[in-house]
Amino acid sequence: MTERLQIGTGPESIRVLKAALVNGVLPDTYVSAGSLVHMEAVSGGLATAADEDSPLPVSASVVTPAGLAGLLAEHAYVYRLRSRKSDTGDPETFEEEVTPPREILSSVLAGKTWPGVPPLRGIIGAPVLRRDGTLLQRPGYDPQTGLYLASKVALPPVPDEPAPQQVNEARRFLLGRFLRDFPWASAADRANYVALLATPILRHFTRSLTPFALIDATMPSSGKTILTAGPGMLYGQRVMPWAYSDEELRKSITAVLAEQVGVVIWDNLAEGTVIDSAVLAQLITNGVWSDRQLGASRNIATVNDRLWMATGNNLQVGGDMASRTVRVHLDPNMPRPELRDQSTFGIPHLDQWITVPANQLTVLWHLLVLVLDWTRQGAPKVTGLSMRQFTPWAQALGGFLAHHGIDGFLTNAADVREIDQDEQRWGAFLATWHERHGDRRMTAAELRRDAEPMHLGSDVHDPWDGQFITTSSGRLPNPLQLGRLLTGQAGRYRGNYVLRAGTNERGRAVYWIEHRDE
């Protein structure tokens, strides 16, 4: 039955409408960051390819005055009493359905306090494990977590205690069919990928930050995009071009965090791209992203609950990204990977198969069976793993993989360091410096003079053989720039070499290299 709301004067109308909203006159209405939001279905939006956006089927829209007018017209009968003369000449009262004036609706929505309105913590595209180890799998709003499950696929209930045959079948399907034919460079790459695939399900349970996912290959057509489409199709994905400046990257991150997707993918970066961004490093290590709202002067703060991924061929990392990155590397070891005979594959034409909702359901079902089998055993962790801010994630996912006999998790961490451009550049610089000068203490000016090219007749000789550190533009730094670079690296180990800094008897800054044996 449509609720009847009688309004009158301005103040009376504000009180009536505010009370009606607090008492739930509008279905699927929640409060988020002090604003009233309404859940609504999103028309269209189905992905037709693995490298396309795949949004969730619902969106939480902030209720505006115009939006509130439409919702009231749909879900309530708003009226005021009017008088008119009857046929007999006597006054009579009648009801007139009205749309409240815009200024009234704006006043109703102006407050930040909505007692009794359920809080919306986020929208998810697939079931997740609650913090108590139970599975949130019923579509719609979950009062226990404040999450709204908008499943991309209609999933039958998953048993809290899967039968042994269901667990065995889940392992056979995921490892023996779905992931069987990817050209994994090592066991670590497959294990890391399974961990990433399960991460959105376990993130609320582990209460942890999630590292950056780098999926790269030695050759095009190796299957990188299909791998990102695994979590992307299940949890909702947004595919974006890589921003080659920190300012543009910051803008794109802020914009995408306003969308309801679980996975953000920078797809198909240029071959050999170095992922070295202070903005990205900040994003990955912060549970809340804060930035100025686009087109406005106010700052916004958004919970960072996404899985961030990038794909490309022979990618590298730099800056602080090496210790924040989980790598999945593919190596088909052949000139034309796209010509492989797919008739022998566990799932032929997987790039098309994964876009079918029924197939996504199959993947998700088996993955959830493995998760619930792990939690039934107490969700054992691997306590020996350590990964900076991501240690809770690593220990939980390591325990999940070990429980199911999937070996190699994070054992390719050394490979990530090998593609760390900063590690390579500074490591070579410190090694060459020590080779030329041992542990002699030098000012930045002395060290810079040592790098001056030597003119031998018509030839120019570089005494450092190209290993002297350069600025971001690739040029040799002047003494002032070099001093700043060296100060920023003092005490940091690069392999077995460490740069030390101090002052000499004249109070000038000096630097030297210490070499430590293994």
Side-chain angles (χ1 to χ4, degrees), residues 171 174-176 178-203 206 208-219 222-224 226-228 230-231 275 281 284-285 307-333 367 370-371 373-374 377 379-424 427 493-496 518:
R171 290 195 190 103
L174 286 171
L175 304 177
F178 181 57
L179 301 178
R180 188 188 77 184
D181 299 298
F182 286 95
W184 311 105
S186 69
D189 300 290
R190 186 184 72 159
N192 291 354
Y193 179 73
V194 176
L196 294 171
L197 192 62
T199 288
I201 296 174
L202 298 178
R203 184 161 192 168
T206 61
S208 63
L209 297 168
T210 301
F212 184 66
L214 180 67
I215 299 182
D216 75 332
T218 56
M219 293 288 294
S222 299
K224 304 179 299 295
I226 303 175
L227 288 181
T228 58
I275 299 176
I284 297 302
T285 52
L307 178 59
W308 303 88
M309 313 181 81
T311 74
N313 295 320
N314 297 312
L315 301 179
Q316 302 179 71
V317 293
D320 291 324
M321 287 304 299
S323 60
R324 294 164 164 84
T325 299
V326 171
R327 188 190 192 195
V328 175
H329 188 53
L330 303 177
D331 183 5
N333 194 27
L367 189 60
L370 295 184
V371 168
D373 181 65
W374 172 63
Q377 303 300 322
K381 299 179 180 180
V382 175
T383 57
L385 280 177
S386 177
M387 194 182 179
R388 293 189 58 171
Q389 299 98 325
F390 314 105
T391 295
W393 173 86
Q395 292 182 349
L397 271 298
F400 167 71
L401 295 171
H403 175 72
H404 291 294
I406 303 173
D407 299 325
F409 181 51
L410 297 182
T411 56
N412 63 349
D415 296 340
V416 179
R417 290 193 294 272
E418 288 177 4
I419 62 170
D420 182 348
Q421 188 190 56
D422 271 9
E423 186 75 17
Q424 293 176 349
Y493 277 84
R494 301 291 184 175
N496 294 337
E518 290 288 356

So do [Y] and [X] actually touch side chain to side chain, heavy atoms under 4.5 Å?
{"X": "Phe178", "Y": "Leu197", "value": "yes"}
{"X": "Pro183", "Y": "Met219", "value": "no"}
{"X": "Arg171", "Y": "Asp373", "value": "yes"}
{"X": "Trp184", "Y": "Tyr193", "value": "yes"}
{"X": "Asp331", "Y": "Asp189", "value": "no"}

Could you measure the distance from the [atom1] atom of [X] to the [atom2] atom of [Y]? Nearest 0.5 Å is fine.
{"X": "Met387", "Y": "Leu209", "atom1": "CE", "atom2": "CG", "result": "11.0 Å"}
{"X": "Asn313", "Y": "Lys224", "atom1": "CG", "atom2": "NZ", "result": "4.0 Å"}
{"X": "Leu330", "Y": "Thr311", "atom1": "CG", "atom2": "OG1", "result": "10.5 Å"}
{"X": "Leu179", "Y": "Arg190", "atom1": "CG", "atom2": "CZ", "result": "7.5 Å"}
{"X": "Ile275", "Y": "Gln316", "atom1": "CD1", "atom2": "CD", "result": "10.0 Å"}
{"X": "Thr218", "Y": "Asn314", "atom1": "OG1", "atom2": "CG", "result": "6.5 Å"}

Ignoring hydrogens, what is the shortest heavy-atom contact between [X] and [Y]? Give both atom names and the distance.
{"X": "Leu397", "Y": "Ala195", "value": "CD1-O, 3.6 Å"}
{"X": "Leu315", "Y": "Asp216", "value": "N-OD2, 3.3 Å"}
{"X": "Leu385", "Y": "Ala394", "value": "CD1-O, 3.4 Å"}
{"X": "Pro211", "Y": "Phe390", "value": "N-CD2, 3.6 Å"}
{"X": "Arg180", "Y": "Gly176", "value": "CD-O, 3.1 Å"}
{"X": "Ser208", "Y": "Thr206", "value": "OG-OG1, 2.9 Å"}

Checking the side chain of Asn412 only, and the main-chain atoms of Arg327 only, is there a donor and an acceptor separated by less than 3.5 Å? yes

Main-chain N/O of Val328 paired with Asn192 side-chain donor or acceptor, under 3.5 Å: no

Please identify each residue that fulfils ring-ring contact (aromatic ring centres under 6.0 Å, His included) with Phe409, with sequence neighbours left out. Trp393

Decide yes or no on side-chain contact (heavy atoms from CB on, under 4.5 Å) for Leu202 and Trp374, but give the supporting numbers first. CA-CA 11 Å; Leu202 298 178; Trp374 172 63; 3.8 Å; yes

May I have the step-by-step check of side-chain contact (heavy atoms from CB on, under 4.5 Å) for Phe212 and Val317, ending in yes or no? CA-CA 11 Å; Phe212 184 66; Val317 293; 5.9 Å; no

Candidate pair Leu174 and Val194, rule side-chain contact (heavy atoms from CB on, under 4.5 Å), full reasoning: CA-CA 9 Å; Leu174 286 171; Val194 176; over 6 Å; no

